[in-house]
Protein chains: 2
Amino acid sequence: MELRTLRYFVAVAEELHFGRAAVRLHMSQPPLSRAIRKLEHDAGAVLFERSAAGVTLTPAGVVLLEESRALLDRADRMRVRVAAAAGAATLTVGILGDSTDPGAMRLAAAYRRRHPGVEVRIRETDLTDPTCGLRAGLVDVALTRGPFDETGLTVCELRADPVGAVLRADDPLACRDRLTLADLAGRRWFQFPEGTDPSWQSYWNGGEPREGPVVRAVQECLQAVLWNGTVGMTPLGHDHPGELAVVPLTDMAPSRVVAAWNGSDPNPLIRSFVRIATAAYRD
Amino acid sequence: MELRTLRYFVAVAEELHFGRAAVRLHMSQPPLSRAIRKLEHDAGAVLFERSAAGVTLTPAGVVLLEESRALLDRADRMRVRVAAAAGAATLTVGILGDSTDPGAMRLAAAYRRRHPGVEVRIRETDLTDPTCGLRAGLVDVALTRGPFDETGLTVCELRADPVGAVLRADDPLACRDRLTLADLAGRRWFQFPEGTDPSWQSYWNGGEPREGPVVRAVQECLQAVLWNGTVGMTPLGHDHPGELAVVPLTDMAPSRVVAAWNGSDPNPLIRSFVRIATAAYRD
DNA sequence: CAGCAACGATACCCGCGCGGTATCGGCCTC
DNA sequence: GAGGCCGATACCGCGCGGGTATCGTTGCTG
């Protein structure tokens, strides 16, 4: 009955579905089933009722879920407390600047609340650096969007947003309910400055080289659309001024919201941050 | 940072000595050293100061020790709570009857205090069954002494007591400060009834067949010594009537106080019991 | 000062556990 | 009754966590 196993159990107990829990845990379903069986054996109690109707918790499972959450929570705080005692009591979070995602600040606040002893610093960067200063060592963890060059980094997906084209409201295509990249052929797209991560640049240009004004921040993008008829893309689900229209693009891979950090194994402060972020973005 | 690793850490932190901690954990020293190093790496903090003078805890180590104890304690209670929720809320403890070891009852009391939801039943047996009814399925766990046939059981040593010969106070050998089995050659030793575990019988007869009165309980043994001049052995460190003398035997293997249970993996109630027992007997 | 004992670290080996893919079997839907 | 969904099972390969043997440092001792 190790902590890892309890994390598996909590995932299954929350999803009430082995397949989905396995996805959440970034593993395949059979080892998860086996781990739960072993847990049931170790605990000497059946934890789930597997029936055709679905998976439900037994009374023993309910008790274990409650206790496991408390235990894992405590273990997580412990890690951070130890790291803080060792002197690493500051966490610098990089956020993609002018972010249209309001979750980021709330997340930082939640982390502060959970680990009062840790000083959290926020560093916002413009759109020219999708790693938010991770590569330069300016931040411990980046809360950003893909894609970007991940060599030497570890990336954890938090959510995947479909993207849409941003058009002026009076654009002929603005009234369409969906578009493909082909519909936008020949348009001017906004560009990022020289030296920007190529895969990032390429993604937001729909996969091919384009012409257009160079921008550095979200506001500049929007202005470029309004004033010059440039097009661009943005994740769906965020608010934009009324003069702009966002039309879903059906042939674009979704934009992944990710947490990223240097190296492979995060320090406890980062680990806890990612954990909280994962849970926060799940809702 | 799994629970097993934290148990390792607590052992080292309490012993402040890798070798002794390894003994306590029933493992060898190198894997333990490696596990602690890995833990230090995962925690991102040095936990021990290794110097020629010995091993000491760093501030981060102190924090981790405190947190680990709380976490392991909670995990232990969790197991028992889950088992209880699944219906297994009774633990029957077998104790070697007329036990001269006062720890047993106190241990049961401690367990009751720790797990109020679990009903603890005590079953005392006489000296004819060193497994205290374990084989017959009458008890879940036996708190007893070795040696006995361990096939199908799991045995966990709690303590090892040197043994001494029990003699009448006016015996010529009673004034000696130590004896060997050879000194007792030709004496009558008390015997256990037919069918008693052979290795148990053999041990308390000093390794060879003897003649003498058949006894079933400790009191009978003592009476046999007092009235018939029979000799026998007893663990050192317990009180006996003034008419009896106990002289250490230098060539007898110590008598092992053990906890034992059926099968290989104990249910959570038994596991917790053994854990508490191990800690209690360490003092 | 040489020799030794104590103790943690290192090197290396081996078997088991855990995670993977492929497939099965029961049950529901259409 | 065919297909799909979902958990269980079978089987495989690798890495981790155990083991033994040995080293390096330190401090005590004759």
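Every chain is numbered from 1 and lettered A, B, ... according to where its sequence line falls, protein lines coming before strand lines.
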Given atom [atom1] of [X] and atom [atom2] of [N], what is their separation to the nearest angstrom?
X	N	atom1	atom2	result
A/Leu32	C/dG17	CG	C1'	16 Å
A/Lys38	D/dA8	NZ	C1'	18 Å
A/Arg37	C/dG17	CZ	C1'	18 Å
B/His26	D/dG19	NE2	P	11 Å
B/Asp42	D/dC16	CG	P	11 Å
A/Met27	C/dC18	CE	P	10 Å
B/Phe48	C/dA9	CZ	P	10 Å
B/Glu40	C/dG8	CD	C1'	12 Å

State whether the number of non-hydrogen atoms from other residues, nucleotides or ligands found under 6.0 Å of B/Glu14 atom CD is greater than 12.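 More than 12 heavy atoms, drawn from other residues, nucleotides or ligands, come within 6.0 Å of this atom.
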
Protein N or O to nucleotides 21-26 of chain C N or O, pairs below 3.5 Å:
none

Under 4.0 Å, heavy atom to any atom of DNA chain D: which of residues 11-20 of chain B qualify?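 Heavy-atom cutoff 4.0 Å gives no residues at all.
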
Flag for B/Arg178-B/Thr250: side-chain donor and acceptor within less than 3.5 Å: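 Not at all, the side chains of B/Thr250 and B/Arg178 share no donor-acceptor pair under 3.5 Å.
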
Between A/Asp73 and A/Arg77, does any NZ, NE, NH1 or NH2 come within less than 4.0 Å of an OD or OE carboxylate oxygen?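 Yes.
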
Side-chain ion pair, B/Arg79 and A/Glu67, N-O less than 4.0 Å: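 Judged by the 4.0 Å cut-off on N to carboxylate O distance, B/Arg79 and A/Glu67 do not form a salt bridge.
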
Report yes if some heavy atom in the side chain of [X] is under 4.5 Å from a heavy atom in the side chain of [Y]; otherwise report no.
X	Y	answer
A/Val12	A/Leu47	no
B/Val163	B/Tyr203	yes
A/Tyr111	A/Val93	no

Verdict with reasoning, A/Cys132 to A/Leu96, per side-chain contact (heavy atoms from CB on, under 4.5 Å): CA-CA 6 Å; A/Cys132 305; A/Leu96 207 55; 4.1 Å; yes

Using the closest heavy atom to pick a nucleotide of DNA chain C for each, name whichever of A/Tyr8 or B/Ser51 lands nearer the 5' end.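 Checking each residue's closest nucleotide, the 5'-ward one belongs to B/Ser51.
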
Counting only side-chain nitrogens and oxygens, does A/Arg50 get under 4.0 Å of the OP1 or OP2 atom of D/dA8?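 Yes, because at least one side-chain N or O of A/Arg50 sits under 4.0 Å from OP1 or OP2 of D/dA8.
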
Is B/Arg34 touching bases, backbone alone, or none of the nucleic acid, heavy atoms closer than 4.0 Å?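 Here B/Arg34 touches the bases of the nucleic acid.
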
Step-by-step side-chain hydrogen bond (donor to acceptor under 3.5 Å, both in side chains) determination, A/Ser272 to A/Asp76: CA-CA 6 Å; A/Ser272 182; A/Asp76 186 35; 2.9 Å; yes

